[in-house]
Amino acid sequence: MSEKDMPGAGPGPGPQEAPAAGAGEYPEYAERVLEVTELIPPGRVMTYGDIAEWLEEGGPRQVGRVMALYGGAVPWWRVVRADGTLLGEHELDALAHYREEGTPLKEASRAAEGHVPRIDMRRARWDGRPHTGTHT
């Protein structure tokens, strides 16, 4: 699915802002991405690619575009880059959520810019199975 296939695609709210009230329904693909995002348990994450694979449609960029436009309506911080690095302009907000939810993190090396930790993808990545209350 390309960006042009998503009605209303273009500049929009960032992941911390919900769409304006009365803005209408989300495009169907966006609705599906947001529904999967809402399934991710606290303290766990899925990558953009994981969500595209789950939906069997689109790819990481399309999921990223949905999250950029409409992600404020869901726990956007649970959808992450495959390498576990935090998104630059939202990293501190996301980090607060990760710490609150107990998301497994890897401390940053002293060489890392800003010393911002990464998500421990091995432990935090959710595979879509029912939540058991523990990290694996």
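Please read all numbers here as calculations on a predicted model, not as lab measurements.
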### Task
For R99, enumerate each residue passing the side chain to side chain contact (heavy atoms under 4.5 Å, CB included) test, keeping only those at least two apart in sequence or located in another chain.
L95, L105, P117
### Task
Give the C-alpha distance, both sets of side-chain angles, the deciding distance and a yes or no for side chain to side chain contact (heavy atoms under 4.5 Å, CB included) between R61 and R65.
CA-CA 6 Å; R61 289 181 186 209; R65 184 68 178 157; over 6 Å; no
### Query
So, E101 and R44, do they make that salt bridge, N to O below 4.0 Å?
no
### Task
Indicate the atoms forming the closest heavy-atom contact of P104 with A124, along with that distance.
CD-CB, 3.7 Å
### Query
Is there a side-chain contact between Y98 and V80 (heavy atoms, below 4.5 Å)?
yes
### Query
Mind checking whether T47 and R81 have side chains closer than 4.5 Å, heavy atoms only?
no
### Task
Please list, chain by chain and in numerical order, all residues satisfying side chain to side chain contact (heavy atoms under 4.5 Å, CB included) with E38, sequence neighbours excluded.
V74, P75
### Query
Taking 4.0 angstrom as the limit, do R129 and D127 come out as a salt bridge?
yes
### E57 side chain reached by R32 side chain, heavy atoms, under 4.5 Å
yes
### Summary
Heavy atoms of Y48 and P60 approach each other most closely as CB-O, 3.6 Å
### Task
Could you tell me the separation between the CG atom of D50 and the CH2 atom of W126, rounded to the nearest 0.5 Å?
10.5 Å
### Task
Apply side-chain hydrogen bond (donor to acceptor under 3.5 Å, both in side chains) to R118 and list each qualifying residue two or more places apart in sequence or on a separate chain.
none
### Task
List the steps, then state whether side chain to side chain contact (heavy atoms under 4.5 Å, CB included) holds for V45 with M121.
CA-CA 8 Å; V45 298; M121 293 302 291; 4.0 Å; yes
### Message
Are Y26 and V66 packed together at the side-chain level, in the sense that at least one heavy-atom pair is separated by less than 4.5 angstrom?
### Response
no
#### Entry: Distance (rounded to the nearest 0.5 Å) between E35 CD and L55 CG
9.0 Å
#### Entry: Chi angles and distances behind the side chain to side chain contact (heavy atoms under 4.5 Å, CB included) call for H90, W76
CA-CA 10 Å; H90 301 290; W76 54 268; 3.9 Å; yes
### Task
Show your working on side chain to side chain contact (heavy atoms under 4.5 Å, CB included) between M46 and T37 and close with a plain yes or no.
CA-CA 8 Å; M46 287 182 91; T37 303; over 6 Å; no
### Close side-chain approach of W77 to D93, heavy-atom, < 4.5 Å
no
### Query
Does the side chain of V33 come within less than 4.5 Å of Q62's, by heavy atoms?
no
### Validation row: R78, P41 side chains within 4.5 angstrom (heavy atoms)
no
